[in-house]
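Here the structure is laid out as structure tokens; the discussion comes afterwards.
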Amino acid sequence: MWVGKRSILTLFSTLTLVQFDLSHETKIYSLKLRTSAQATSSIDGAVQVRRRRSVGASDNGDVRWKYARNNLRGRAGQGYYIEMSIGTPKQNFHVLVDTGSANFAVAAAPHEFIKTFFKTNESTTYKDLKKKVKVPYTQGEWDGNLCQDMTSIVTGPDVAVMANIAAITHSEAFFINGSNWQGILGLGYADIARPDNTVEPFFTTLVRQGHVENIFAIQLCGPNLNKQPSSAGATEAEVAGTMTVGGVDDTLYNGTMWYTPLTKERFYEVVVVDMEVNNESLAMDCKEYNFDKTIVDSGTTNLRLPEAVFSKLNAKITQVLKPILKNKTIPPEFWSGDQLICRDGPIEPWDWFPTISITLQGMDEEQAFKLVVSPKQYLSIVEPDSEHCYKYGISSSKSGAVIGAVVMEGFYVVFDRNNKSVGFAMSTCADQTEIPVMAPNIVGPLRINSTGCAYNVMSPDNQILLIIAYIMAAICVLCLVVPMIFLYVHWQMEKCRGKPDAPDDNGLLRQNESDS
């Protein structure tokens, strides 16, 4: 899930670097820059498209509800939320759309950062399950009580279901001041639900009861990509988008829809085959890109990479910027997200930074495609109303790679649970740019063998079986070793005692002969 704090820092485009600390002291670094050409790339003409399905269409072609568009809102860097209603009578809330978790949870107690909360005592359909639940995220956590109540998406299918809800009674660093959301809608699989996989996620309930097909799609239109955000109902400081429930809206993307298979039905886990900076590969073992997994997560803001990959990527970007910056360098605090870069003239930092490409496994292990991520995506605008300051939207991770919102904002992303795959196509909001910088792109098909790129982590069940196997093996060894030791000790004891002298048959014979 996305959880983040506002950056306290800054960078610039003639270029000036500004760094703030909490005491409001300021350091200024001046950089003389020149422009550089951006690498170009184009879409291969080959077609690799799965049959399209229109939004809300059933197998017999009936449309069950109208197109839902622009039903996501949010603020830059604070996540995208959708409106949902809970209870009888209905109480409406904004909940963060999160493909990186599986619990549906909403505040059920006052909090300084939210304006409203779920009043369970006012709902006649509320059912307390008498069960506690706690969910930790990358940053922040909450705990509360499991319950059930009538729930629906305000701008989705016209149906309410009795859904599992976590009523949040306590939280730490979870709610964000000014974000305007009061809960979270986890869209992952039940295997990652808390406290266990018996808690059925909301979307799974919709599907199981036959209200929608087992597919949804998300279009995130970040502030960097909207030419005229107000046309989507959002102000310049806000973000907007669309979540399509139960189908795919063909009008929200252009060109080919490219699919990558899910490796596991827990998170939306996919396989990265390669990464590039300005079309030059990082040339790492492909397992390193997926250490210990790679997930597609709308609830995480940044593109998060394993530490080794993050370091190599930053080194490559620095190499590209070196001839532009000449004898100047970008401070390490920028790469760690603790410093911003800001415009100090007519040219944006976007003009100098390179494209980043993420190559994903295709539905065939011999085939792949790559997402070309524009600087307009990974340099996230923080102060759009003043100096145009930008934050580095890539960070390191110790728990696997995350294809977060800064990447998703360039594409229409389809979570096709029916076919166990995730699809990517060019978003219709991705080419609306004010500055002549390369827009996001998709290149394919590419002939790359992705065999062995997935990082296989042993499941808890397999770990238990392995432990049992070790215990049984140890018992077997003991069963063999103990008798052998006993026999060896016995043999040594017999040697120490010595054997009795053998009778002298010849002497007895002679004695008998003399007696005779």
Practice item. State, with a plain yes or no, whether a side-chain heavy atom of V270 is found less than 4.5 Å away from one of V296. Key: yes
Review point. Within a strict 4.5 Å, meaning less than it, do heavy atoms of the L321 and W352 side chains meet?
Key: yes
**Study point:** Test log, rule side-chain hydrogen bond (donor to acceptor under 3.5 Å, both in side chains), inputs D196 and T198
**Key:** CA-CA 6 Å; D196 53 53; T198 62; 2.2 Å; yes
**Study point:** S450 and T359, any side-chain heavy atoms less than 4.5 Å apart
**Key:** no
Check your understanding: Backbone N or O of A401 within a donor-acceptor pair of the T294 side chain at under 3.5 Å?
Key -> no
Check your understanding: Side chains of T260 and F424: does their closest heavy-atom pair fall under 4.5 Å?
Key -> yes
Practice item. Evaluate side-chain contact (heavy atoms from CB on, under 4.5 Å) for Y378 paired with L303, printing each intermediate quantity in order. Key: CA-CA 8 Å; Y378 70 82; L303 168 62; over 6 Å; no
Study note, to complete from the structure: Shortest non-hydrogen pair, R73 vs A240, comes out as NH1-CB, 3.6 Å
Exercise for review: Assess the side chains of T251 and R69: does a donor N or O sit below 3.5 Å from an acceptor N or O?
Suggested key: yes
**Study point:** N419 and S421: CA distance, side-chain angles, deciding distance, side-chain hydrogen bond (donor to acceptor under 3.5 Å, both in side chains) verdict
**Key:** CA-CA 6 Å; N419 294 291; S421 60; 5.5 Å; no
Point to revise | Enclosure of K312 NZ (heavy-atom neighbours >12, cutoff 6.0 Å) | key: yes
Review point. Can you tell if the side chain of L371 reaches within under 4.5 Å of the side chain of P440, non-hydrogen atoms only?
Key: no
Exercise for review: Assess whether side-chain contact (heavy atoms from CB on, under 4.5 Å) is satisfied between Y253 and F411, documenting all intermediate values.
Suggested key: CA-CA 8 Å; Y253 72 92; F411 308 97; over 6 Å; no
Exercise for review: Taking all non-hydrogen atoms of both residues into account, name the closest pair between S395 and N302 and its distance.
Suggested key: OG-ND2, 3.3 Å
Review point. Can you list the steps and then say if Y289 with L282 is a side-chain contact (heavy atoms from CB on, under 4.5 Å)?
Key: CA-CA 10 Å; Y289 301 124; L282 298 188; 3.6 Å; yes
Point to revise | Nearest heavy atoms of G246 and V212, plus distance in Å | key: CA-CB, 3.9 Å
Check your understanding: Under the 3.5 angstrom rule, does the side chain of Q219 hit a backbone N or O of L252 as a donor-acceptor pair?
Key -> yes
Practice item. Please confirm whether the backbone N or O of V248 pairs with a side-chain atom of Y412, one donor and one acceptor, at under 3.5 Å? Key: no
Review point. Ring centroid separation for W335 and F310, is it under 6.0 angstrom?
Key: no
**Study point:** Over all atoms of both residues, closest heavy-atom pair of P354 and P375
**Key:** O-CG, 3.5 Å
Point to revise | Taking every non-hydrogen atom, the tightest pair across V133 and A166 | key: CG1-CB, 3.8 Å
Review point. So how far is it from N180 CG to L96 CG, rounded to the nearest 0.5 Å?
Key: 12.0 Å
Exercise for review: For this output row, return yes or no: ring centroids of F369 and Y259 closer than 6.0 angstrom.
Suggested key: no
Revision key, fill the gap. Hits for salt bridge (Lys or Arg N to Asp or Glu O under 4.0 Å) against E288, two or more places apart or cross-chain, chain-then-number order -> none
Exercise for review: Output the distance between atom CD (E200) and atom OG1 (T205), rounded to the nearest 0.5 Å.
Suggested key: 3.5 Å
Review point. Any side-chain heavy atom of R417 sitting closer than 4.5 Å to one from Y268?
Key: yes
Check your understanding: What is the distance from atom NZ of K370 to atom CG of N441, rounded to the nearest 0.5 Å?
Key -> 9.0 Å
Exercise for review: Indicate yes or no for a side-chain donor-acceptor contact from T263 to the backbone of V271 under 3.5 Å, with no hydrogens or angles considered.
Suggested key: no
Check your understanding: Does K293 reach the main-chain N or O of S399 with its side chain, forming a donor-acceptor pair under 3.5 Å?
Key -> yes
Practice item. Please collect all disulfide bond (SG atoms under 2.5 Å apart) contacts where either partner lies in residues 297-326, sequence neighbours excluded, each pair once. Key: none
Review point. Is the shortest heavy-atom distance from the side chain of L446 to the side chain of V273 under 4.5 Å?
Key: no
Point to revise | Where F202 and A163 come nearest, the two heavy atoms and their spacing | key: CD1-CB, 3.8 Å
Review point. How long is the gap from CD1 on I448 to CD on Q367, to the nearest 0.5 Å?
Key: 10.5 Å
Exercise for review: Assess the side chains of E409 and Y80: does a donor N or O sit below 3.5 Å from an acceptor N or O?
Suggested key: yes
**Study point:** Main-chain N/O of V406 paired with Q377 side-chain donor or acceptor, under 3.5 Å
**Key:** yes
Review point. Okay, side chain of T242, backbone of N70: is any donor-acceptor separation there less than 3.5 Å?
Key: yes
Review point. Is D98 reaching over with its side chain to a backbone N or O of L185, donor-acceptor style, under 3.5 angstrom?
Key: no
Revision key, fill the gap. Those residues at least two apart in sequence (or on a different chain) that pass side chain to side chain contact (heavy atoms under 4.5 Å, CB included) with P136 are E141, R194
Check your understanding: CG of D297 to CD of E269: how many Å apart, nearest 0.5 Å?
Key -> 11.5 Å
**Study point:** Under 3.5 Å: donor-acceptor pair, side chain of S311, backbone of A308
**Key:** no
Review point. Just by modelled atom types, is the Q78 backbone N or O under 3.5 Å from a matching donor or acceptor in the W181 side chain?
Key: yes
**Study point:** Point-to-point distance, once rounded to the nearest 0.5 Å, from CD1 of I442 to OG1 of T256
**Key:** 8.0 Å
**Study point:** Check: W142 and F175 side chains under 4.5 Å, non-hydrogen atoms
**Key:** no
Point to revise | Test log, rule side-chain contact (heavy atoms from CB on, under 4.5 Å), inputs I403 and L360 | key: CA-CA 11 Å; I403 298 174; L360 296 174; 4.2 Å; yes
